[in-house]
**Student:** 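Got a structure for you, written out below as structure tokens; questions coming shortly.
Order of the sequence lines fixes the chain letters, A, B, ..., with proteins taken first and strands second; residue numbering starts at 1 for each chain.
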Protein chains: 2
Amino acid sequence: MDQVEIFKALSNKTRLQILNWLKAPAENFPDQPNADFENVGVCVGQIQVKAGLSQSTISEYLSILQRADLVCATRVGQWTYYKRNKEGLAQLSKIINSEL
Amino acid sequence: MDQVEIFKALSNKTRLQILNWLKAPAENFPDQPNADFENVGVCVGQIQVKAGLSQSTISEYLSILQRADLVCATRVGQWTYYKRNKEGLAQLSKIINSEL
DNA sequence: TTGGTATATCGGGAAAAGTCGATATATATT
DNA sequence: AATATATATCGACTTTTCCCGATATACCAA
């Protein structure tokens, strides 16, 4: 993964906030029905409402985070759930500590 | 310091490269005369030549990195020397590990 | 198969970033 | 004071990002 793309993905207040929310999904998304935060994460609609931006914007933002390996997606029926990508985040930490 | 500004500063191939070069100034800037890499760092001109972009662009890039607390500047005579800002980089590492 | 809901993609207008050459400023030398 | 060098700032143009509404696609239920 291109390092620049990772940092671009993080260069936006809302996207940073989403990643932060996904650290504690149960607290940040108490309204999600049938929540399976561990396995799949949080669905797009819940994130969209909390972020207060349009559906298309949040969908786009999530795919930017996904392309940067910062979150991963699971489709279940008509919902797409997103959660943190621990490997990608560990990789990022490694970059910071060893290359910068 | 605004987190978004830090990540924006890192969202550029040349700026990432500069930070990486400054990890090992003696190896990356062997031509700098009267080098005092430990105390002051590397001067703008050396970085500019190595990066291959215009003087104004590199000056601007260094100030973006400085505003993000990723490097610090020392003026000595007509030269400005830049080196890594260890505190800022440690702060960044902390953000990644605790908030994302 | 028709309709409803969730998400993704497309097209676009406004704002920001990338990058340059020209110019200004600060310092050093003569 | 005049000139030379290093760096910073300015103005402009191009490319990218932000964010939206509209539309398409995928899936579900009746």
Side-chain angles (χ1 to χ4, degrees), chain A residues 2-19 22 25 29 31-36 40-68 70-83, chain B residues 2-19 22 25 29 31-36 40-68 70-83:
Chain A
D2 181 14
Q3 291 182 11
V4 173
E5 289 306 310
I6 298 173
F7 291 118
K8 278 186 183 173
L10 296 170
S11 297
N12 176 283
K13 196 180 181 70
T14 302
R15 290 194 296 265
L16 281 180
Q17 205 148 37
I18 290 171
L19 274 179
L22 292 179
F29 301 96
D31 297 340
Q32 176 162 290
N34 307 322
D36 183 2
V40 294
V42 181
C43 73
V44 179
Q46 295 281 314
I47 297 170
Q48 189 243 311
V49 168
K50 188 154 176 116
L53 293 179
S54 75
Q55 187 273 319
S56 56
T57 297
I58 296 304
S59 177
E60 169 77 2
Y61 281 9
L62 288 167
S63 94
I64 289 170
L65 290 171
Q66 186 181 21
R67 278 199 298 279
L70 296 168
V71 301
C72 44
T74 311
R75 181 109 199 190
V76 178
Q78 45 197 151
W79 294 274
T80 307
Y81 295 89
Y82 284 90
K83 64 175 179 180
Chain B
D2 181 14
Q3 292 182 11
V4 172
E5 290 307 308
I6 298 173
F7 290 118
K8 278 187 183 172
L10 295 169
S11 296
N12 176 285
K13 195 180 181 70
T14 302
R15 290 194 296 265
L16 281 179
Q17 205 148 37
I18 290 170
L19 274 180
L22 292 180
F29 302 96
D31 298 340
Q32 176 162 291
N34 308 321
D36 182 3
V40 294
V42 181
C43 74
V44 179
Q46 293 281 315
I47 297 170
Q48 189 242 312
V49 168
K50 186 153 176 118
L53 292 180
S54 75
Q55 187 273 319
S56 56
T57 297
I58 296 303
S59 177
E60 167 77 1
Y61 280 8
L62 288 167
S63 93
I64 289 171
L65 290 172
Q66 186 181 21
R67 278 199 298 278
L70 295 168
V71 302
C72 43
T74 312
R75 181 108 198 193
V76 178
Q78 47 198 149
W79 293 274
T80 306
Y81 295 89
Y82 284 89
K83 63 175 179 180

**Student:** Do side-chain atoms of A/S11 reach the backbone of B/F7 as a donor and acceptor pair under 3.5 angstrom?
**Tutor:** yes

**Student:** Would you mind telling me which residue lines up with the more 5' stretch of DNA chain D, A/V76 or A/E60, judged by nearest nucleotide?
**Tutor:** A/E60

**Student:** So which of residues 51-59 of chain A are in contact with DNA chain D, with a heavy-atom cut-off of under 4.0 Å?
**Tutor:** A/L53, A/S54, A/S56, A/T57

**Student:** Taking A/R67 for its side chain and A/I6 for its backbone only, find out whether a donor-acceptor pair lies under 3.5 Å.
**Tutor:** no

**Student:** Please tell me which of the listed nucleotides, C/dT5, C/dT7, C/dA28, lies nearest to the side chain of A/Q78?
**Tutor:** C/dT5

**Student:** If each of B/L62 and A/I64 is mapped to the nucleotide of DNA chain D with the nearest heavy atom, which maps nearer the 5' terminus, i.e. the 5' end?
**Tutor:** B/L62

**Student:** Using the rule given for side chain to side chain contact (heavy atoms under 4.5 Å, CB included), can you reason through B/V44 versus B/W79, listing the C-alpha separation, both sets of side-chain angles and the distance that settles it, and then say yes or no?
**Tutor:** CA-CA 7 Å; B/V44 179; B/W79 293 274; over 6 Å; no

**Student:** Determine whether B/K83 and B/P25 make a side-chain contact, defined as any pair of heavy atoms from C-beta on separated by less than 4.5 Å.
**Tutor:** no

**Student:** For DNA chain D, which nucleotides open and close the run of contacts to chain B, 5' to 3', at under 4.0 angstrom from a non-hydrogen atom?
**Tutor:** D/dT5 to D/dT9

**Student:** Contact class for B/S63 (heavy atom, under 4.0 Å): base, sugar-phosphate, or nothing?
**Tutor:** nothing

**Student:** Mark yes or no for whether B/R15, through its side chain, and B/Q17, through its backbone, hold a donor-acceptor pair below 3.5 Å.
**Tutor:** no

**Student:** Nearest-Å distance, CG (B/L65) to C1' (C/dG18)?
**Tutor:** 14 Å

**Student:** Side chains of A/Y61 and A/N12: closer than 4.5 Å at any heavy-atom pair?
**Tutor:** yes

**Student:** At under 4.0 Å, does any side-chain N or O of B/N12 touch on OP1 or OP2 of C/dA17?
**Tutor:** no

**Student:** CD of B/E5 versus P of C/dA16: gap in Å, rounded?
**Tutor:** 11 Å

**Student:** Will you find, in the side chains of B/S59 and B/S56, an N or O donor that is under 3.5 Å from an N or O acceptor?
**Tutor:** no

**Student:** Verify, without hydrogens or angle tests, whether B/Q48 (side chain) and B/S54 (backbone) share a donor-acceptor contact under 3.5 angstrom.
**Tutor:** no

**Student:** Rounded off to whole Å, could you give me the CD1-to-C1' distance for the B/I18 and C/dG18 pair?
**Tutor:** 13 Å

**Student:** Looking at A/I58, A/L19, A/V71, A/V40, which one forms a side-chain contact (heavy atoms from CB on, under 4.5 Å) with A/Y82?
**Tutor:** A/V71

